[in-house]
Amino acid sequence: MLDIKLLRQHNDIIKKALADRGEDFDIKTLQVIDEKHRSILSELEALRYRKNKASEQVAQMKKKGENADDIVSEMKSVSDKIKILNDELSDSDATIHQILLNLPNIPHGSVPIGKDSSQNPIVKKVGSIPRVDFEQKPHWDLGEKLNIFDFERAAKITGARFPLYIGAGAKLERALINYMLDLHTTQHGYTEVLPPFMVNRLSMTNTGQLPKFKEDLFKIDGWDYFMIPTAEVPVTNIHQDEILDEDALPILYTAYTPCFRSEAGSYGKDTRGLIRQHQFNKVELVKFTRPESSYEELEKLLNDAEAVLKNLELPYQVVTLCTGDLGFSAAKTYDIEVWMPGQHVYREISSCSNFEDFQARRANIRFKEKGKKGTKLVHTLNGSGLAVGRTLAALLENFQQPDGSVVIPKVLRPYMNGMDKIQP
RNA sequence: GGAGAGAUGGCCGAGUUGGCUGAAGGCACUCGCCUGCUAAGCGAGUAAGUGGUGAAAGCUGCUUCGAGGGUUCGAAUCCCUCUCUCUCCGCCA
């Protein structure tokens, strides 16, 4: 959510941000309602002042045993007026709030302006793509041969786009989760959390999934609960409505959760393999920081996610999302894309974003500076560290051997009971 | 699912015969004093949000005692609904 003061004082900034994002949004309505809102408010405050003074007076008169009937009857009508204005005020307040909830964040100054993902500049490429003298297969072919996952049976259990891992596949998925969590907690300073996998409407609204993107979510029938599309939602909401101690910042959490996405509008896209599922596993990194250090922390967050790929010896590239491709809540986002030799493409495997105070304002997450009055909003950040299913797919494609076996990267072997290869 | 108790400031915790209670007391924190050091002690200060005024310190209006509604001139206090927490019973991984 944006600060309404920004609308009053610098609406040109908002207009530019919306234009850069390619959004068609009418700010004028908001301005008109806001003006009316403030005029009602000042009238209402004057009446409330009178009411407060009068009831003080009544209290004193009654104490002395005097008759206060005149004031009482006058205040009756004032109270009625207050009630009417109060209703008007809460109407306009609700309207303003709804509009603000639908306004996206303002891109950071360093974000390149562009229309869509084709205009995301590449920041760097890491790791070399080895030359091999055999045809590398996509992971779905490999997985079938190795008998480590089974989408047909998963479809029988649930439907399309659900994974069923078997044997070494299930173990490898679990090994990746454990390896990532261990790396982030022991090497990068994150605290592990295991949050609820369903959240309520407010939590979804706080991080920005609602109200605009409800069609992307799975909702629980009969409850106002939603399956989480990412651990970002429950983990960011840990500190919902809190005033944090400045000494506690930055706060770093890592969490493994399954993620549930309806993938509405992606029918026919990435239908094969592990790339686009309704349920997938992810290890997430979440930070709460002071405003002045959030961009420094974004770079560190990116490094922490990259470390996983480096240690797994997977080649990847990093891109900066341009304004047209930037997510609703984000001010700046780096995507990490891993090389998939079986498909000859780079695939997104992590997305690292700084939301600045956009989520913090919605979720009311603040911190207090010692010796200073008032509070400030924290900045929130998060990134995948990493998407586990896609990592497993990348491992299969990158480490496949001509005989169809797949070599397990060294760092994962302790998590696989020493297994160094998956054989067909 | 049944019965009961509760939700107050950064934290703990008073206040429920309605009226200087935005809220006692404690802890924590800040500043000052004191004390070889530390600890203790003494004094002062410290909720948030939002508006006005001011260069600033400050002064000042309004709102907020889980959420929403009601009674009343006036509600942390009375009534209703909801949410959450805790205890006991039942059921259960």
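In the text below, chain A, chain B and the rest are named by the order of the sequence lines, each starting its count at 1. No hydrogens, no waters, no symmetry mates; every other heavy atom, side chains included, goes into these values. Fair warning: this is a prediction, and the values are worked out from it, not measured in the lab.
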Checking all strands, does [X] fall into the base, sugar-phosphate, or nothing category for heavy-atom contacts under 4.0 angstrom?
| X | result |
| --- | --- |
| S73(A) | nothing |
| R361(A) | nothing |
| R366(A) | sugar-phosphate |
| N52(A) | sugar-phosphate |
| K62(A) | base |

Return the value, rounded to whole Å, for the distance between atom [atom1] of [X] and atom [atom2] of [N].
| X | N | atom1 | atom2 | result |
| --- | --- | --- | --- | --- |
| D224(A) | C82(B) | CG | C1' | 13 Å |
| D241(A) | A7(B) | CG | P | 19 Å |
| Q240(A) | G66(B) | CD | P | 17 Å |
| D245(A) | A28(B) | CG | C1' | 10 Å |
| I82(A) | G61(B) | CD1 | C1' | 14 Å |
| K53(A) | C62(B) | NZ | C1' | 12 Å |
| R48(A) | U64(B) | CZ | C1' | 11 Å |
| L89(A) | U50(B) | CG | C1' | 12 Å |

Using the side-chain heavy atoms of [X], tell me which of these nucleotides is nearest: [options].
| X | options | value |
| --- | --- | --- |
| E45(A) | A48(B), C62(B), U71(B) | C62(B) |
| I243(A) | G51(B), G10(B), C73(B) | G10(B) |
| K5(A) | G19(B), A48(B), U50(B) | U50(B) |
| V58(A) | C73(B), G61(B), U63(B) | C73(B) |
| S55(A) | C84(B), G74(B), G49(B) | G74(B) |

Carboxylate-amine/guanidinium proximity below 4.0 Å for [X] and [Y]:
| X | Y | result |
| --- | --- | --- |
| E74(A) | R50(A) | yes |
| E292(A) | K376(A) | no |
| D304(A) | K300(A) | no |

Does either side chain, that of K36(A) or that of S92(A), offer a donor lying less than 3.5 Å from an acceptor on the other one? no
Verify the distance criterion only: is there a donor paired with an acceptor across the side chains of N281(A) and E173(A) at less than 3.5 Å? yes
Below 4.0 Å: OP1/OP2 of [N] and any side-chain N or O of [X]:
| X | N | answer |
| --- | --- | --- |
| R38(A) | C62(B) | no |
| K368(A) | G10(B) | no |
| S79(A) | G74(B) | yes |

Tell me which of A46(A) and M75(A) sits closer to the 5' end of RNA chain B, going by the nucleotide each one is nearest to. A46(A)
Assign each of L41(A) and D87(A) to its nearest nucleotide of RNA chain B by heavy atoms, then name whichever residue's nucleotide is nearer the 5' end. L41(A)
P gap between U77(B) and G90(B), integer Å: 37 Å
Taking the six-membered ring for Trp and the single ring otherwise, decide whether the centroids of F358(A) and F328(A) are under 6.0 Å apart. yes
Can you tell if the side chain of L89(A) reaches within under 4.5 Å of the side chain of E43(A), non-hydrogen atoms only? no
How about F367(A) and T289(A): do any of their side-chain heavy atoms sit closer than 4.5 Å? no
Per-residue pairing states of RNA chain B in dot-bracket (Watson-Crick or G-U under 3.5 Å; . unpaired, | other strand) read ((((((((.[[[..)...(.....]]]((((((.......))))))(((((((....))))))).[[[[[..)....]]]]])))))))....
